[in-house]
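Step one of this worksheet: look at the structure below.
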Amino acid sequence: MRERIVMLDCARGMAILGILLMNITAFGLPKAAYLNPAFAGEPSLPDAWAWAVMDMVAQVKFLTVFALLFGAGLHMLLPRGNRWITSRLLWLMAFGFMHAIFFWDGDILLDYGLVGLLCLGVIRRMSNPRMLIITGAALYLFGLIILLLLQWLIADSPPGRFWQPDIADRIYEYYWQTTGGPEAWQVRLGLLHDSLTSLGMQYGWLLAGSMLMGAGLMRCGWLSGEMPLAHYRKAAILLIAAGMVINLPGVLLQWHVHWSFRWSAFVLQIPRELSAPFQALGYVALCYGWWPTLYRLRIGRWLSNVGRMALTNYLLQTLLCTLLFNQFGLFMTFGRAGLLLFVPGVWLVNMIFSALWLRIFSQGPMEWLWRKLTRLTGGGLKVQLM
């Protein structure tokens, strides 16, 4: 049982580190650059290739890994009782709100806490793992259908500053990002409103679908590591290959149309979103299938340490990157390709800090605070878990 928990921690650690491959662009460049490498005109060839490679291997994929594991975690927490889990998710939302307003506008914690609350009742009541997976897949596909509807309704409109900001927009974003203070908080509050609107309209369906699929896969034993190693190895190869084949046309077509708003903002996002569950499960299978080798080479232990402190390490990435780009004035200094050079250094800090901290303590500092606050407001545990 303990080995399976460590394997889950390894997959969670991989997701936390992988998320930075996407987020580093949001830390170092205007918000529009996250999906549009041509936000300020035709990108350089290195930046275009960096976008293409990251779109194929990382964009949405690691967020989906994290969502699948979040759903699996909700299933594992069911014996602790509805009040305890609800309290835990509400505190996560509180952390996310503070993170989104006072530190960085790319927060995911509030979204995960809110959607997790909505999924909790479904996970509790739907005992059949197959039905959980089917329901999750149906919700995910519905989110893709909404992208098609948005293509029909909005794609012919002029691109807004979220896709093609003008020079004044970029100058103002540089100002509030690097200055901080009440003005930045006010801007981030508006961005949070936009993010929650997007969550309710489209992204929330994808997130809820991923969580339910994760809960179903945990309940049937796939995410708890109960299948043979050969099964996971074969699944890793097939799922990752399938995801890349699905995603490749979207990458090629977006490059071909020069990332125009009309096609790239909605309909050409669909191949990436459709590929994400395949590749995400493939990455998890990669961890599970080669777990003995990863553990022997210590890579597995390093990733597991990061996964045990997932909340702490996610927020640590924000602290490091906002310090570098906002406080040290590196915002909008590097292109997409150059920003990727910062990622290994942040990963190294995550891994070293986690290893040193867990030599002394049994959990990360934010995990400790989260648990203390949950116990304070959620009451005692119904069942004492490992």
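- For Glu367, the side-chain contact (heavy atoms from CB on, under 4.5 Å) partners two or more places apart in sequence, or in a different chain, are Met309, Leu311, Thr312, Gln363.
- Proximity of the aromatic rings of Trp255 and Trp49 is defined here by a centroid distance below 6.0 angstrom, and this criterion is met.
- Between the CD1 atom in Ile123 and the CG atom in Leu212 there is a gap of 5.5 Å [rounded to 0.5 Å].
- Residues Phe27 and Phe342 place their aromatic rings such that the two centres sit no closer than 6.0 Å.
- Trp291 places no side-chain N or O within 3.5 Å of a backbone atom of Met7 that could act as its donor or acceptor partner.
- Thr135 pairs in a side chain to side chain contact (heavy atoms under 4.5 Å, CB included) with only one of the listed residues (Met126, Met213, Arg130), which is Met126.
- With 3.5 Å as the limit, one finds a donor-acceptor pair spanning the side chains of Thr377 and Ser87.
- A donor-acceptor pair under 3.5 Å is absent between the side-chain atoms of Gln254 and the main chain of Gln269, judged by distance alone.
- Defined by atom type and a distance below 3.5 Å, a donor-acceptor pair is missing between the side-chain atoms of Tyr288 and Glu226.
- A distance below 6.0 Å separates the ring centres of Phe102 and Trp185.
- Side-chain atoms of Gln151 come within 3.5 Å of backbone N or O of Val267 as a donor-acceptor pair.
- No donor-acceptor distance shorter than 3.5 angstrom exists from the side chain of Ser264 to the backbone of Phe261, with no hydrogens or angles considered.
- Of the possible donor and acceptor atoms, none in the side chain of Asp169 sits under 3.5 Å from a partner among the backbone N and O of Arg161.
- Both cation-pi conditions hold for Arg233 and Trp290: the charged atom is under 6.0 angstrom from the six-membered ring centre and inside a 45 degree cone around its axis.
- Few gaps surround OH on Tyr34; more than 12 heavy atoms of other groups in view lie less than 6.0 Å from it.
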Pair Leu319-Phe103, side-chain contact (heavy atoms from CB on, under 4.5 Å): steps then yes or no: CA-CA 8 Å; Leu319 290 177; Phe103 294 95; 4.0 Å; yes

Chi angles and distances behind the side-chain hydrogen bond (donor to acceptor under 3.5 Å, both in side chains) call for Tyr172, Gln177: CA-CA 8 Å; Tyr172 180 61; Gln177 288 277 20; over 6 Å; no

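- Between Lys31 and Asp105 there is a salt bridge, with a side-chain nitrogen of the basic residue lying less than 4.0 Å from a carboxylate oxygen of the acidic one.
- Cation-pi geometry between Arg12 and Phe66 is not met at under 6.0 angstrom from the ring centre and within 45 degrees of the axis.
- The closest side-chain donor-acceptor pair between Gln317 and Asn350 falls under 3.5 angstrom.
- Between His99 and Tyr314, the two ring planes are perpendicular [angle over 60°; tilted spans 30° to 60°].
- In this model, no donor atom of one side chain and acceptor atom of the other lie less than 3.5 Å apart for Trp84 and Thr374.
- Ser354 and Asn313 share a donor-acceptor pair across their side chains, judged by distance under 3.5 Å alone.
- Between Leu373 and Phe95 the shortest side-chain heavy-atom distance falls below 4.5 Å.
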